[in-house]
2 protein chains.
Amino acid sequence: MTTMKQIAKELGVSVSSVSLVLNNRDHGRIKPAKAKQIRQTAERLGYQPNPLARSLRTSKTGLLGFISEDVATTPFAGGIIQGAQDAARASGYIMLTVNAKGAAEEEEDVAALRRYGVDGFLYAKMYNRVTTIPDYLRGSPIVLVDATDADGVSPSVEPDEYLIGVDATNALIRAGAKRIAYIGCQDPLIAQRERSRGYRQALKDAGIPILDSMMIKVGDNERALRDVERLFDDEHPDGFFCFNDARAWYVYESAARRGLTVGRDISVVGVDNHLVLAQTMTPRLSTVALPHYEMGYWAVSQLVSNIRHEHINMNDMPETLASLPPLGGPYPAKIHCPLIYKESLVGGETD
Amino acid sequence: MTTMKQIAKELGVSVSSVSLVLNNRDHGRIKPAKAKQIRQTAERLGYQPNPLARSLRTSKTGLLGFISEDVATTPFAGGIIQGAQDAARASGYIMLTVNAKGAAEEEEDVAALRRYGVDGFLYAKMYNRVTTIPDYLRGSPIVLVDATDADGVSPSVEPDEYLIGVDATNALIRAGAKRIAYIGCQDPLIAQRERSRGYRQALKDAGIPILDSMMIKVGDNERALRDVERLFDDEHPDGFFCFNDARAWYVYESAARRGLTVGRDISVVGVDNHLVLAQTMTPRLSTVALPHYEMGYWAVSQLVSNIRHEHINMNDMPETLASLPPLGGPYPAKIHCPLIYKESLVGGETD
DNA sequence: GTGAAAGCGCTAACAG
DNA sequence: CTGTTAGCGCTTTCAC
């Protein structure tokens, strides 16, 4: 690792000159010729700044703390982390990731991150939930990911669950389905509430009557399968909007047992919380993807812009992200991430 | 953040004394009374060492670089990361995670990690694969995760795929299955090779004839479903060892179409590369879990022990890990992680 | 036993 | 324009 000192010595100049030049703070301070020289030898020697030494003076480390839960057990985490990491790289930051199993462990981890002088925190949940920012996290720049701040003061990034409901239902309508069922989940999740609201709205807009008997909430078990089977037999739906892959699975199983084929006899749209069905069964299954990658990307962009008190530069964004609506201000409280659609063959031919 | 300086000032002693005491290097150098005083005020002021400042002198940062690929698209990543992180925490390290999309990006990321002075690297693949360590990574302590070093010189941590094959097949035999099929994958993966080897061995040991017609390799598509259906109709198997969840799905679909119920009419064991089926269908589906968490944990333990030239302290391990065989030496070339079994109700009652 | 001093690599104020 | 100086928080050598 070459240091500024070495460059200075090599050229017989002072370290401060080198520092000024290499930080591009030499406008009208260092003679251009000398500056050029410095830059060249820096290049030649393969100089790389030592961010840790720098941070000792500036107390800016270029480190971002990513705090999550359940990374181990959910397939969503990867997308968020990846998006966050890509955005971090694009802004010259590096992520320190910790995953805590409880509040105590989390507090410890946050303390560790603090010791390493992270410039800000990402606080990620694995599904959208109203969340209170713990005391030990206050006072630092922070952005919530896939979570809603209970106090409504911290910026947060969340998927637009309502839009998922509307669009998924519209996809089924467009595919010609007349009797559209909603297979929801039993937990009182924001996603459950908003998606079913979207479902109702889409039906209403299309002039299709909303029947309670077509909306069921099921868990993850044998009982759920029986409930779906009963819905099949009682209501004979020809379109299914499934809260997630697990629910889509029950529909597949029920259909298979009745000699029905998805994509021919019935249409199914699922939200791809999980991956198996989408991977194996496309194009027979249509999926609406939650914008995990996008949430991660936006969250970091937001965090960095808050740290630096700058606006987000849309030109640096990957294509899918650059088309998002620009942020409302330097500290928007909430960004809704748009949806991603995959393989929209709903009710198309089977082979 | 209180500093050593503050403590020193408060007590009217020198910073070096504080440093010695707080690093427990004061044996016979600092008077015990004074040492105690120092420790107390450190405690009282909530002193936390600044690892970055320390690293400037020691060139040890307590940072570990975690390099991976495909974090975004595989559900395995979470487990590995979680295990790695838990082990890191237990040893007082923190992980810097980067996920690169190509060799060029990876090299950049490694350079960034080097600038931050990571003490070592974890190089993780998302399925077991023979891997060459790139030049830009040489020279630092490194451990491969879910990968095999092509040169056989770097330590690596991998699952025991052969054992998976043996045990999964034995589970089916124990459940009373007589005609056991193997639904493999088409890619020439280590996992595919070793699992099928284990399958053959288990059948051989049980005196069951090995039939080529009972072993098929399928992809991820409609064609795969047809192949499985043909197997059903031609061979009428009563037990299925599935390479992964996706393959198990084809078995479920085929069975449902034939009026067969898994757990009553046929037995299925899958390797839970993915999660959906395991989550929704247990206890009807038996799964063998790959030891992702364990691999992450062991890899970091190994890396840290290499960095510090120490042996791994088994007492610090979580219970499931402490029962593993101890490592062969300070620099073992290869650790095989044991398997985890879930819900072993193969061919049990359906409800 | 203890403190003074140097230095890790860098930035920033200030003097020239 | 440029160099000197000081100092971020810590470790380590070396006098006392």
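Residue numbers begin at 1 in each chain, while the letters A, B, ... track the order of the sequences.
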NZ/NE/NH1/NH2 to OD/OE distance under 4.0 Å, [X] and [Y]:
X        : Y        : answer
B/Arg89  : A/Glu105 : yes
B/Glu69  : B/Arg129 : yes
A/Lys101 : B/Asp86  : yes
A/Arg308 : A/Asp119 : no
A/Arg138 : A/Asp135 : yes

Do the side-chain N and O atoms of B/Thr148 and B/Glu158 include a donor-acceptor pair separated by under 3.5 angstrom?
->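 Note: B/Thr148 and B/Glu158 side chains meet the donor-acceptor criterion.
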For A/Glu106 and A/Tyr136, test the side chains for any donor-to-acceptor distance below 3.5 angstrom and give the result as yes or no.
->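 Yes, A/Tyr136 and A/Glu106 have a side-chain donor paired with an acceptor closer than 3.5 Å.
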Could you tell me whether B/Asp26 contacts a base, only the sugar-phosphate backbone, or nothing, with contacts defined as non-hydrogen atoms closer than 4.0 Å?
-> nothing
Tell me what B/Gly117 touches on the nucleic acid: a base, only sugar-phosphate, or nothing, going by heavy atoms under 4.0 Å.
->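 If one applies the 4.0 Å heavy-atom cut-off, B/Gly117 turns out to touch nothing in the nucleic acid.
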Given DNA chain C, 5'-ward residue of the pair A/Met1 and B/Arg29, judged by closest heavy atom |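 With A/Met1 and B/Arg29 compared, the 5'-side residue is B/Arg29.
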Residue mapping more 5' on DNA chain C - nearest nucleotide basis, A/Val15 or B/Ser16 | B/Ser16
Does B/Ser14 make a side-chain N or O approach to OP1 or OP2 of C/dA4 shorter than 4.0 Å?
->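 Answer is no, no contact under 4.0 Å.
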For D/dG3, does OP1 or OP2 lie under 4.0 Å from any side-chain N or O of A/Ser17?
-> yes
Hey, is the main chain of [Y] close enough, under 3.5 Å, to the side chain of [X] for a donor-acceptor pair?
X        : Y        : answer
B/Thr58  : B/Arg54  : yes
A/Arg114 : B/Met1   : no
A/Ser305 : A/Leu303 : no

When the C1' atoms of the five terminal pairs at each end define the local axes, what inter-axis angle does the helix from C/dG1-D/dC16 to C/dG16-D/dC1 show, to 10 degrees?
-> 60°
With the side chain of B/Thr58 defined as its heavy atoms from C-beta on, choose the nearest nucleotide among D/dT2, C/dC10, D/dT11.
-> D/dT11
Length of the line joining A/Arg25:CZ and D/dC1:C1', which is rounded to integer Å |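 The distance from CZ of A/Arg25 to C1' of D/dC1 comes to 17 Å, rounded to the nearest Å.
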Scan residues 35-52 of chain B against DNA chain C and write down, sorted by residue number, each residue with any heavy atom closer than 4.0 Å; if none is found, say none.
-> none
Could you list the protein-to-nucleotides 6-8 of chain D atom pairs, N/O on both sides, closer than 3.5 Å?
{"residue": "D/dG7", "atom": "N2", "partner": "A/Arg57", "partner atom": "NE", "Å": "3.4"}
{"residue": "D/dG7", "atom": "N2", "partner": "A/Arg57", "partner atom": "NH1", "Å": "3.3"}
{"residue": "D/dG7", "atom": "N3", "partner": "A/Arg57", "partner atom": "NH1", "Å": "2.8"}
{"residue": "D/dC8", "atom": "OP2", "partner": "B/Lys5", "partner atom": "NZ", "Å": "3.4"}

Smallest separation among heavy atoms of A/Pro51 and A/Thr61, with atom names | CB-O, 4.4 Å
